[in-house]
Every structure is written in structure tokens, then in C-alpha cells.
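Worksheet: the structure to be examined is printed underneath.
As the structure lists them, so they are numbered: ligands from 1, and atoms in each ligand from 1. All values below were derived from every heavy atom in this structure, side-chain atoms included, with hydrogens, water molecules and symmetry-related copies excluded.
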Amino acid sequence: MEMDYFLTDDQKALRDLARKIAEEKIRPVAAQYDRDGTFPWDIVKVFAEAGLFGIVIPEEYGGLGMGVLELAIVTEELSKACGGITLALAASALGTFPILLSANEEQQKRYLPDLAEGKYLAAFGLTEPNAGSDAGSMRTRAVRDCDDYILNGSKIFITNGGAAHLYTIIAVTDPTKGSRGTTAFIVQDDYPGFKVGKHEDKMGIRASATNEIIFEDCRVPVANRIGSEGQGFLVAMKTLDKSRPGVASQALGIAQGAFDLALDYAKHRFQFGHPIMNLQAIQFMLADMATSIEAARALLYQTARHIDAGNKDISRYSAMSKLMASDVAMKVTTDAVQIFGGYGYMRDYPIEKYMRDAKITQIYEGTNQIQRLVIGNTLIKG
Ligand code: COS
């Protein structure tokens with residue numbers, strides 16, 4: 001029996017819906033998408049029809065009006081089948097958070113209904129070639145010109161890049177003020193001067209689009225500025241505080257998916273005259289895997305509840321949940337490959353993909369070293 005996390009009937013129904021989509025729609029095509037590295041538009045349609053793009057969007061804008069916990073539950077379920085395909089949904093939520101958290105009513109009215117419907121996808125643009133962990137050192141410039149800002153520069157490793165229609169972009173409006181001189185914008189892909197650059201060929205999450213986004217004198221209306229000038233870094237940090245549990249849930253789903261396959265394999269693989277599950281060496285590995293997965297889930301669900309309850313100072317727990325779940329995912333998927341032995345290393349078997357997909361969760365939305373820094377800073381400040 002699964003651990004009882006005291007989910008409501010609505011949360012259980014959403015979990016079951018996501019589980020059904022994962023098993024019926026995603027699992028059968030996961031290996032093909034991994035091989036081809038193409039974007040899963042057919043699955044995006046399934047997500048949209050199920051209303052999943054609206055999970056965290058208020059009902060008044062056509063969403064389900066739910067929270068970080070429900071988004072985590074769905075992301076986890078979908079990621080059990082494929083952590084890459086799931087990102088089309090999770091990265092759109094990441095791109096939507098700045099609008100949800102910091103945009104004005106007019107902007108929310110203009111954009112949230114279409115995002116909730118899944119009519120188009122969103123993406124988040126913070127990272128640059130020379131501004132990764134040191135996000136505050138970004139160079140993309142936004143210069144005011146009457147009723148527009150003119151953007152120049154580029155953002156890299158943008159998840160949903162090229163697939164999304166809406167991009168929440170952080171750019172420098174006052175280069176003398178460091179991170180306090182940055183501003184957030186909603187940029188549409190049909191604005192003049194918006195270009196999609198290099199498409200990345202990745203180790204894992206290959207069904208996810210990762211692209212460079214280039215701004216060449218890209219005109220963005222002042223009406224699309226989120227908050228006031230100088231608040232860009234804050235918008236980004238508040239976004240990451242809400243979205244990092246999403247990475248944790250992706251990592252958790254990848255770990256659980258790999259564990260389920262490894263457990264099944266251990267029960268059916270015969271060596272020395274009996275299933276390898278009878279060997280304590282294998283049992284102990286699976287016991288450790290199951291324990292660490294459950295611990296990561298408990299921290300994630302409690303973090304999500306803590307955030308959804310409207311508590312302030314959520315950075316610490318958000319970072320902890322991402323740190324723990326992604327480290328668990330890497331360890332569990334590596335051990336799962338080990339249990340499969342030589343077969344596990346072969347692409348004919350589904351397990352090595354989980355290990356490749358897991359790695360990014362320790363890196364993006366802040367490396368785990370940055371998560372420790374964020375946690376450490378909250379410990380210093382008390
Ligand atoms: N919530 C609200 N405010 C925050 C905040 C948060 N979570 N984190 C930082 N701030 C504020 C600080 O309080 C500070 O405000 P003041 O200027 O008023 O003092 C300001 O933002 C700058 O903070 P800090 O000095 O800590 O910034 P640093 O440049 O040292 O960087 C880290 C902080 C490392 C945490 C930040 O750069 C970061 O998160 N990097 C990783 C980026 C990342 O996750 N990238 C992934 C790509 S996005 S998918």
C-alpha cells in the first residue's frame with residue numbers, strides 16, 4: 001500500500017488522471033521521443049484537453065485554482081513515464097509563475113486564460129552564457145523607447161524555447177545597479193526581433209526543447225513590463241522559490257519510475273537458481289531506494305503544503321526539496337541501472353534513460369550547490 005499523504009478526493013482524482021495519461025499516452029512513446037529528440041506536441045494536446053496547464057491558474061482565469069502540491073503530484077506521476085515529455089507542462093508552469101506572482105491584473109487577464117487552456121506554452125528566460133549560477137550578472141539589455149523597450153542580447157538553455165509563444169524574460173534596465181537594475185518582461189515570440197537560436201542536443205530529457213532565444217532590437221511594449229523597473233531579479237527569485245518544488249517532483253517521478261522497473265526486474269531476473277530479489281545485496285539496495293524516495297516525497301509534499309498555505313520565506317524549503325529529490329533521483333536511477341546489470345546499460349532497456357534524465361535535476365533551476373547556498377543563507381539570516 002502506498003503511504004497515505006492524506007490527499008483530498010480532488011487531489012486523488014487529479015493524480016489518477018495524470019497516472020492514466022502517463023501509462024496510456026506517455027509510456028508507449030517515451031523511448032521514441034528520447035531517440036528522436038522531437039517536441040511532443042501530441043502529448044501537449046492531451047495535457048491541454050485534461051486541463052493540466054491550468055492547475056495553478058485561478059478559476060477566474062479559466063484554471064483549476066489549485067496549488068504547488070497539485071502541480072507536484074501531477075508532475076511526479078507524468079515523470080514516472082518520461083521526465084522529458086513532462087517538461088512541456090512543468091516549464092510552462094515555470095514561465096507562468098512570474099505572471100501569476102507579479103504581473104498586474106490587465107496582464108493576467110490578457111495572458112492567463114490562454115495559458116490555462118494550453119492554447120500556447122510559456123517559458124522562463126533568466127540564464128545567459130555568462131550568467132548561470134550568478135544570475136545577477138546578466139547582460140541582456142532593455143532600453144526604454146517611448147511606449148516600448150528595445151531588448152538586445154540572448155538567453156540560453158531555455159526549456160520550451162521555440163515551442164512556447166510567451167517568454168518571461170529578465171533583462172538589464174540599469175547597468176549601474178547590478179541585480180537591482182534588472183526588470184522582467186512578457187515577450188511574445190511574434191514580436192519583431194525575437195529569434196530562436198541554437199537547439200541543444202542533450203544527454204537526457206531529450207523530448208524537451210532546449211533552445212537559445214535571441215533578441216535583436218526586439219520591441220516589447222511597456223504594457224508588458226512585469227512590476228516596475230529594478231524588480232526583475234526579485235521576480236526571478238520569487239518564481240524560483242515557487243518552481244523548484246516542480247523540479248523536485250520531476251526528480252521524484254523519475255526516481256519512482258526507475259525504482260518500479262528495478263523492483264519488477266529483480267523479481268523476475270533469475271540468477272543462481274532464484275530471483276535476484278532473494279539476494280540480500282539486491283534487497284538492501286531496493287530498501288535504501290524505497291526509503292530515500294519516500295523521504296524525498298514527504299519533504300516535497302510538506303514543502304508544497306507550506307507554500308500553498310501562503311507562508312513567507314519559502315526559499316529554504318523549496319531549495320531543500322529540490323536538493324534532496326534530485327540527489328535521490330540520481331542515486332536511485334544509478335542503482336536501478338546497476339540492478340539491471342549489463343542489460344541496464346543497453347538502450348534496448350528503458351532504465352538507462354532514467355539515469356540520463358535524472359542528471360539535469362541536480363543542475364537546472366539552480367545547481368544543487370546553489371540550493372545549499374540558498375539554504376545556508378536562510379540559516380545565517382535566521
Ligand atoms: N526572495 C526574495 N528576494 C530575494 C531572494 C528570494 N528568494 N533571493 C535573493 N533575494 C534578494 C536579496 O534579498 C537581495 O536583495 P537586496 O538587493 O534588496 O539586498 C537581492 O535579491 C540580491 O540577492 P543576493 O545578494 O543574495 O544575490 P546574489 O547575486 O548573491 O545571488 C543567488 C543569489 C545565488 C541565490 C541567485 O543568483 C540564484 O538563485 N542563482 C541561481 C539561478 C538559477 O537558479 N538559475 C537557474 C536558471 S532559471 S531555470
- Around atom CZ of R372, are there more than 12 heavy atoms of other residues, nucleotides or ligands at under 6.0 Å? yes
- Message: Is the contact between R244 and ligand 1 made by the side chain, the backbone, both, or neither, using heavy atoms and a 4.0 Å cut-off?
- Response: side chain
- Side chains of R35 and R347: does their closest heavy-atom pair fall under 4.5 Å? no
- Item | Residue part near ligand 1, for A236, under 4.0 Å between non-hydrogen atoms | neither
- Please work out which of D241, L240, I370 has its closest non-hydrogen atom nearest to atom 34 (C) of ligand 1. I370
- Query: Would you say atom 15 (O) of ligand 1 touches the protein, meaning some protein heavy atom is under 4.0 Å from it?
  - Reply: no
- Query: Taking the six-membered ring for Trp, are the ring centroids of Y149 and F185 within less than 6.0 Å of each other?
  - Reply: yes
- Salt bridge between D260 and R19, side-chain N to carboxylate O under 4.0 Å? no
- Message: Tell me whether D313 is salt-bridged to K381, with the criterion being a basic N under 4.0 Å from an acidic carboxylate O.
- Response: no
- atom 26 (O) of ligand 1 has as its nearest protein heavy atom N377 ND2, 4.8 Å
- Message: Strictly less than 4.0 Å: does any protein heavy-atom distance to atom 49 (S) of ligand 1 fall in that range?
- Response: yes
- Task: Just let me know how T159 lines up against ligand 1, side chain, backbone, both or neither, with a heavy-atom cut-off below 4.0 Å.
- Result: neither
- Query: Heavy-atom contact under 4.0 Å between R316 and ligand 1?
  - Reply: no
- Message: Considering both backbone and side-chain atoms of T127, is one of its nitrogen or oxygen atoms within less than 3.5 Å of a nitrogen or oxygen in ligand 1?
- Response: no
- Item | Check: Y364 N/O within less than 3.5 Å of ligand 1 N/O | no
- Message: Can you report which non-hydrogen protein atom sits closest to atom 41 (C) of ligand 1, along with the distance?
- Response: S133 O, 3.4 Å
- Message: Considering M237, Q369, M138 one by one, which has a heavy atom nearer to atom 8 (N) of ligand 1 than any of the others?
- Response: M237
- Query: Looking only at side chains, do Q250 and T361 share a donor and an acceptor under 3.5 Å apart?
  - Reply: no
- Message: Within the 4.0 Å heavy-atom shell around R180, which atoms of ligand 1 are there?
- Response: 16 (P), 17 (O), 18 (O), 19 (O)
- Item | Identity and separation of the nearest protein heavy atom to atom 35 (C) of ligand 1 | V374 CG2, 3.9 Å
- Task: Evaluate the 4.0 Å heavy atom contact test for atom 12 (C) of ligand 1: does a protein atom fall under the cut-off?
- Result: no
- Message: Once rounded to the nearest 0.5 Å, what's the spacing between atom CZ of R219 and atom CG of N224?
- Response: 13.5 Å
- So do the side chains of L252 and V328 get within less than 4.5 Å of each other, counting heavy atoms only? no
- Query: Any ion pair linking K109 and E106 (charged N to carboxylate O, less than 4.0 Å)?
  - Reply: no
- So do R316 and L379 actually touch side chain to side chain, heavy atoms under 4.5 Å? yes
- Message: Regarding atom 20 (C) of ligand 1: of the candidates F157, F233, F124, which has the closest heavy atom?
- Response: F233
- Task: Assess whether atom CG of D190 is packed by more than 12 heavy atoms of other residues, nucleotides or ligands within 6.0 Å.
- Result: yes
- M330 and I293: same hydrophobic cluster, using ILVMFWY side-chain contacts below 4.5 Å? yes
- Verify the distance criterion only: is there a donor paired with an acceptor across the side chains of K331 and S292 at less than 3.5 Å? no
- Message: Below 4.0 angstrom, counting only protein heavy atoms, does anything approach atom 18 (O) of ligand 1?
- Response: yes
- Return yes when at least one protein heavy atom is under 4.0 Å from atom 6 (C) of ligand 1, and no when none is. yes
- Task: Would you mind running through ligand 1 and noting each atom that sits below 4.0 Å from a heavy atom of S315?
- Result: 7 (N)
- Task: Check whether any N or O atom of G366, backbone or side chain, sits under 3.5 Å from an N or O atom of ligand 1, and answer yes or no.
- Result: yes
- Task: With heavy atoms of L234 as the reference, note each atom of ligand 1 found under 4.0 Å away.
- Result: 2 (C), 3 (N)
